[in-house]
Each structure stands twice: as C-alpha cells, then as structure tokens.
Amino acid sequence: MKPEKVNIKDKFELFNEHWTPKIIGELNGQQVKLAKLKGEFVWHDHKEEDEMFLVIKGSLKIEFRDKTIRLNEGEMYIVPQGVEHNPVAEEEAWILLFEPASTKHTGEVKDKLSVENQEWI
C-alpha cells in the first residue's frame, strides 16, 4: 500500500452508521479504524488482542464487570486482551480504534451488531 496523508475528520464525514468500524490504515499487522458509536454495544472480549479506544468527539463509557470508565475527547484507554467489556455512548461519539487486523468485531459473540468484513475508506 502506498502511504498517503489521511484527514480523520474528512474520513468521518464518509459514513453515518453506528457500530460499524471503517479501516483507514494498517501498520505492522495492526489496523487503525474509525467508528461512530451511539447507544449500547454488546458485552464481548478479544481473547488474544488488546484494543485501544481514542475519543475524537463526544464521550464514551466502557463498562467492565467490576467498574466503568468514562473517556472524553482526547482521552484513550487500552482494553487488555481477554477482558470482557461493553462500550456505551449516550450521545454520538467518534472513536479511533487501534487493534490487530485479526481482531473480530465482537470477539466470539455473535450479535446483530457484529460486522464480519470491515470496509476500508
């Protein structure tokens, strides 16, 4: 792939659906993804992969079985591999995700929100 400059705001303008990550880059087996989130997702984990959430716009709660963290614009959190979590966005939030290309959207959980083949934009 030929390197190119990416304007993250412009990429967010290309889609409106929620909980459907879009791939904008890849490096060393890791993918950089953008997602618009609104409402509650699904409890899941990623057995072999860590997952990084960076809030670009809005705020995001990440629920764990023993606590909840809130991320605001400019804040990030890395969910360690194997840790069950549930992202929740009370209002629309724009998120940058960084995770291995092998990461399944909802781990081993099958749900109506699961996305099998994530699109490059």
Side-chain angles (χ1 to χ4, degrees):
M1 175 184 1
K2 183 179 175 186
E4 63 181 63
K5 180 172 74 170
V6 174
N7 183 300
I8 291 173
K9 183 176 183 272
D10 289 349
K11 292 289 187 180
F12 271 113
E13 298 299 331
L14 296 176
F15 66 99
N16 292 311
E17 59 267 32
H18 297 116
W19 304 109
T20 307
K22 307 295 184 188
I23 304 165
I24 62 166
E26 189 168 34
L27 65 153
N28 303 317
Q30 303 281 319
Q31 290 181 331
V32 181
K33 302 174 182 178
L34 301 180
K36 291 182 178 179
L37 313 181
K38 187 173 181 183
E40 187 168 337
F41 194 48
V42 59
W43 282 97
H44 68 287
D45 65 22
H46 305 285
K47 297 282 186 225
E48 305 294 327
E49 303 97 357
D50 298 328
E51 181 177 32
M52 187 198 88
F53 291 83
L54 170 63
V55 178
I56 303 296
K57 180 179 174 185
S59 65
L60 175 70
K61 289 191 311 187
I62 304 177
E63 298 177 335
F64 298 94
R65 293 299 182 184
D66 62 343
K67 65 181 177 184
T68 298
I69 63 159
R70 178 177 290 277
L71 301 175
N72 296 307
E73 290 180 17
E75 295 180 326
M76 62 165 270
Y77 185 82
I78 299 171
V79 177
Q81 66 184 16
V83 174
E84 193 176 23
H85 59 287
N86 182 35
V88 178
E90 293 161 357
E91 301 294 328
E92 185 175 82
W94 293 7
I95 308 298
L96 183 144
L97 299 159
F98 188 74
E99 59 194 9
S102 62
T103 303
K104 294 179 182 176
H105 187 223
T106 53
E108 297 304 317
V109 173
K110 301 295 182 209
D111 187 86
K112 65 182 179 190
L113 295 175
S114 299
V115 176
E116 296 293 325
N117 297 310
Q118 296 175 15
E119 174 186 11
W120 278 81
I121 59 170

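- In the hydrophobic clustering of this structure, I56 groups with V32; members are Ile, Leu, Val, Met, Phe, Trp, Tyr whose side-chain heavy atoms approach within less than 4.5 Å, directly or through other members.
- Of all heavy-atom pairs between H44 and P87, the closest is CE1-CD, 4.0 Å.
- Residues satisfying the side chain to side chain contact (heavy atoms under 4.5 Å, CB included) test with E48, not counting sequence neighbours, are none.
- In this structure M52 satisfies the side chain to side chain contact (heavy atoms under 4.5 Å, CB included) test together with L54, M76, I78, L96, F98, sequence neighbours excluded.
- Judged as a side chain to side chain contact (heavy atoms under 4.5 Å, CB included), and not counting sequence neighbours, E91 has no contacts.
- Within 6.0 Å of CG in D66 there are more than 12 heavy atoms belonging to other residues, nucleotides or ligands.
- Taking CD1 of I121 as the start and CD1 of I23 as the end, the distance is 9.5 Å to the nearest 0.5 Å.
- W94 contributes atom CH2, which lies 11.0 Å from atom CD1 of I8 (distance to the nearest 0.5 angstrom).
- Within the structure, ring pair (Phe, Tyr, Trp, His ring centres under 6.0 Å) contacts touching residues 47-74 (residues at least two apart or in different chains) are F64-Y77.
- Shortest non-hydrogen contact noted between A35 and P21 is CB-CA, 4.1 Å.
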Audit row: K33, E51, side chain to side chain contact (heavy atoms under 4.5 Å, CB included) steps and yes/no = CA-CA 11 Å; K33 302 174 182 178; E51 181 177 32; over 6 Å; no
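- The aromatic rings of H46 and H85 are tilted relative to each other, their planes meeting at an angle between 30° and 60°.
- When all heavy atoms are compared, the tightest approach of A93 to S59 is CB-O, 3.4 Å.
- Atoms CD1 and CG, from I95 and L97 in turn, are 7.0 Å apart once rounded to the nearest 0.5 Å.
- How far CG of N72 is from CG of L60: 9.5 Å, rounded to the nearest 0.5 Å.
- A salt bridge (Lys or Arg N to Asp or Glu O under 4.0 Å) check over residues 77-89, counting only residues at least two apart or in different chains, returns the pairs R65-E84.
- To the nearest 0.5 Å, atom NZ of residue K11 and atom CG of residue L34 are 8.5 Å apart.
- Applying the salt bridge (Lys or Arg N to Asp or Glu O under 4.0 Å) test to pairs two or more places apart or on separate chains, those with a residue in residues 69-81 are R70-E90.
- Applying the side chain to side chain contact (heavy atoms under 4.5 Å, CB included) rule to N7 yields the partners K9, D10; only residues at least two apart in sequence or on another chain are considered.
- Of the possible polar contacts, none joining the D50 side chain to the P80 backbone as a donor-acceptor pair under 3.5 Å is found.
- Looking only at side-chain heavy atoms (C-beta outward), E99 and E49 stay at 4.5 Å or farther from each other.
- A cation-pi geometry, defined here as NZ or CZ lying under 6.0 Å from the six-membered ring centre and within 45° of its normal, holds between K36 and F15.
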Applying side chain to side chain contact (heavy atoms under 4.5 Å, CB included), run through L71 and V55 and close with a yes or a no.
-> CA-CA 7 Å; L71 301 175; V55 178; 3.6 Å; yes
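- Taking the salt bridge (charged side-chain N to carboxylate O under 4.0 Å, His left out) definition, one finds that K22 meets it with E17, E119, sequence neighbours left out.
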Could you walk me through whether T68 and K61 pass the side chain to side chain contact (heavy atoms under 4.5 Å, CB included) test, one step at a time?
-> CA-CA 7 Å; T68 298; K61 289 191 311 187; 4.1 Å; yes
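- Contact of the F12 side chain with the K57 side chain is not registered, since no non-hydrogen atoms from C-beta on lie closer than 4.5 Å.
- Rounded to the nearest 0.5 Å, atoms CZ (F41) and CD (E63) are 13.0 Å apart.
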